[in-house]
Amino acid sequence: MQRIRLRYTKRGRLRFTSHRDFQRAFERALRRSAVPMAYSAGFTPHPKVSYANAAPTGVASEAEYLEIGLADFRDPEALRAQLDESLPNGLDIIDAVDVRTPNFVERLEASLWEVRLPGVSEEQAAHAIELFLAAESVEVERQTKNGLRVFDARGAVASLALVPGQVGVAPVGESSATSDVRTGDACAILRLVVRHATPAVRPDDVLSGLRSTADLAPPVPAEVTRLAQGPLDEETGTVTDPLALDRAAAQAVPSETAEPQAVASA
């Protein structure tokens, strides 16, 4: 069985699709593309598809990941293009690699987020960031299915910084023509790296922390985009590519292993 890891996006209005909505759309794309899926055993077999750390509904993303199992060999790039063509614009398959290494989910150590705050000046945002980072801990509340939970939002934040706002510029991965995000006015734009921890700290939890430490309350909802997720380089504070190990392993694969793939793809 061949396994392929895919990176996909949620852009524009499709950031409002739930994870279940994406699953349905992706399953339809698999059928339209006649992908030779491998199936689980048992009384009700299911296609072998696994998802990793999906972004919340209403959040755009440039870095969502899933893995599929195939009954027959397919070229990853050709499969990527085929599936991308079968999905609506905004749900885009942008990368594909053969699975060569285990423990992929464990590599998703942190996420890099862009948070746009329309109606908030850069001076206000800079002051709030300074107060938030100076705090040893910032307790926030979130309603969960098990009731109200209180946890520290500060400890999971590896970095938080202000980036220059620009008038008329759409979020990363989108254009002013296709985005429904407000781009007519300058706004404060934050970049933050958040470690994946338990409980999970999300960008809205960090915004709650900014509200409690600096009374920062945007007049309209924030516009959030996940730019990357993967291994965290603690020295530089950057989030690196989680598919890099698979690419490196594919380049180092012995010729006797690569030869059947070349024949199959022909």
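Shown here is E136, whose CD atom has no more than 12 heavy atoms of other residues, nucleotides or ligands within 6.0 Å. Residue R149 qualifies as open at atom CZ: its count of foreign heavy atoms under 6.0 Å is 12 or below. More than 12 heavy atoms of other shown residues, nucleotides or ligands fall within 6.0 angstrom of atom CG in D233.
Of all heavy-atom pairs spanning P218 and V120, the tightest one is CA-CG2, 3.8 Å. The two atoms that bring I129 and A161 nearest to each other are CD1-C, 3.9 Å, heavy atoms only. Residue H196 comes nearest to A110 through the heavy atom pair NE2-C, 3.3 Å, listed as atom of the first residue, atom of the second, then distance. Minimum interatomic distance between Q229 and S111 (heavy atoms only, all atoms of both residues): CB-OG, 3.4 Å. Looking at every heavy atom in both residues, V201 comes nearest to A153 through CG1-O, 4.0 Å. Nearest heavy atom pair, residue L207 against residue A222, reads CD1-CB, 3.6 Å.
A donor-acceptor pair under 3.5 Å links the side-chain atoms of D152 to the main chain of V138, judged by distance alone. In terms of modelled atom types and a separation under 3.5 Å, the side chain of D246 and the main chain of V99 share no donor-acceptor contact.
Residues L79 and I68 meet the side-chain proximity criterion, which asks for heavy atoms closer than 4.5 Å. Residues R5 and L66 are not in side-chain contact: their nearest non-hydrogen atoms beyond the backbone lie 4.5 Å or more apart. Counting heavy atoms from C-beta outward, P76 and D98 have side chains that approach closer than 4.5 Å. You'll find the side chain of T57 reaches within 4.5 Å of the side chain of S18, heavy atoms only. Considering only heavy atoms from C-beta on, H127 stays 4.5 Å or farther from E123 through its side chain. Between F132 and V206 the shortest side-chain heavy-atom distance falls below 4.5 Å. With contacts defined as side-chain heavy-atom distances shorter than 4.5 Å, the pair L108/P242 qualifies. The closest side-chain heavy-atom distance from P118 to P219 is not below 4.5 Å.
To the nearest 0.5 Å, atom CG of residue L112 and atom OG1 of residue T225 are 10.5 Å apart. To the nearest 0.5 Å, atom CG of residue L14 and atom CG of residue L91 are 4.5 Å apart. In this structure, CG on D75 lies 8.5 Å from CD on Q2, to the nearest 0.5 angstrom. A distance of 10.0 Å separates CG of L30 from CD of Q82, quoted to the nearest 0.5 Å.
Hydrophobic clustering of Ile, Leu, Val, Met, Phe, Trp and Tyr side chains at less than 4.5 Å, counting indirect connections, unites M37 with L87. Under the 4.5 Å side-chain contact rule for hydrophobic residues, F22 and Y65 do not share a cluster. L232 and L227 fall within the same hydrophobic cluster, defined by Ile, Leu, Val, Met, Phe, Trp and Tyr side-chain heavy atoms under 4.5 Å apart, directly or through other members. Each of I94 and V59 belongs to its own hydrophobic cluster when Ile, Leu, Val, Met, Phe, Trp and Tyr are linked at side-chain heavy-atom distances under 4.5 angstrom. Criterion: ILVMFWY side-chain heavy atoms under 4.5 Å apart, direct or through other members. Under it, Y51 and V35 are part of a common hydrophobic cluster.
Salt bridge status for E223 with R15: absent, with no side-chain N to carboxylate O gap under 4.0 Å. Look at R80 and E77 and you find a salt bridge, because one of the NZ, NE, NH1 or NH2 atoms lies within 4.0 Å of a carboxylate O, short of that distance. Salt bridge absent: D241 and R7 never bring a charged side-chain N and a carboxylate O closer than 4.0 Å.
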*asked:* Using side-chain contact (heavy atoms from CB on, under 4.5 Å), reason through H46 and E27 one step at a time and then give a plain yes or no.
replied: CA-CA 11 Å; H46 297 284; E27 289 167 5; over 6 Å; no

*Apply side-chain contact (heavy atoms from CB on, under 4.5 Å) to R226 and E64, showing your working.*
CA-CA 9 Å; R226 173 148 59 191; E64 302 296 287; 2.9 Å; yes

*Could you walk me through whether L216 and Q124 pass side-chain contact (heavy atoms from CB on, under 4.5 Å), step by step?*
CA-CA 7 Å; L216 182 70; Q124 289 175 297; 4.2 Å; yes

*asked:* Between L190 and L210, does the side-chain contact (heavy atoms from CB on, under 4.5 Å) criterion hold? Intermediate values first, please.
replied: CA-CA 12 Å; L190 313 183; L210 292 171; 3.9 Å; yes

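Among residues at least two apart or in separate chains, salt bridge (charged side-chain N to carboxylate O under 4.0 Å, His left out) pairs with a member in residues 81-93 are R11-D92. Sorted by first and then second residue, the side-chain hydrogen bond (donor to acceptor under 3.5 Å, both in side chains) pairs with a member in residues 30-44 read S33-S86; sequence neighbours excluded. The salt bridge (charged side-chain N to carboxylate O under 4.0 Å, His left out) analysis of residues 199-218, with sequence neighbours excluded, yields the pairs R142-D205, R202-D204.
When each of V163, I189, V224 is checked for a side-chain contact (heavy atoms from CB on, under 4.5 Å) with E114, only I189 meets the rule.
Side-chain atoms of R154 and T213 include no donor-acceptor pair closer than 3.5 Å.
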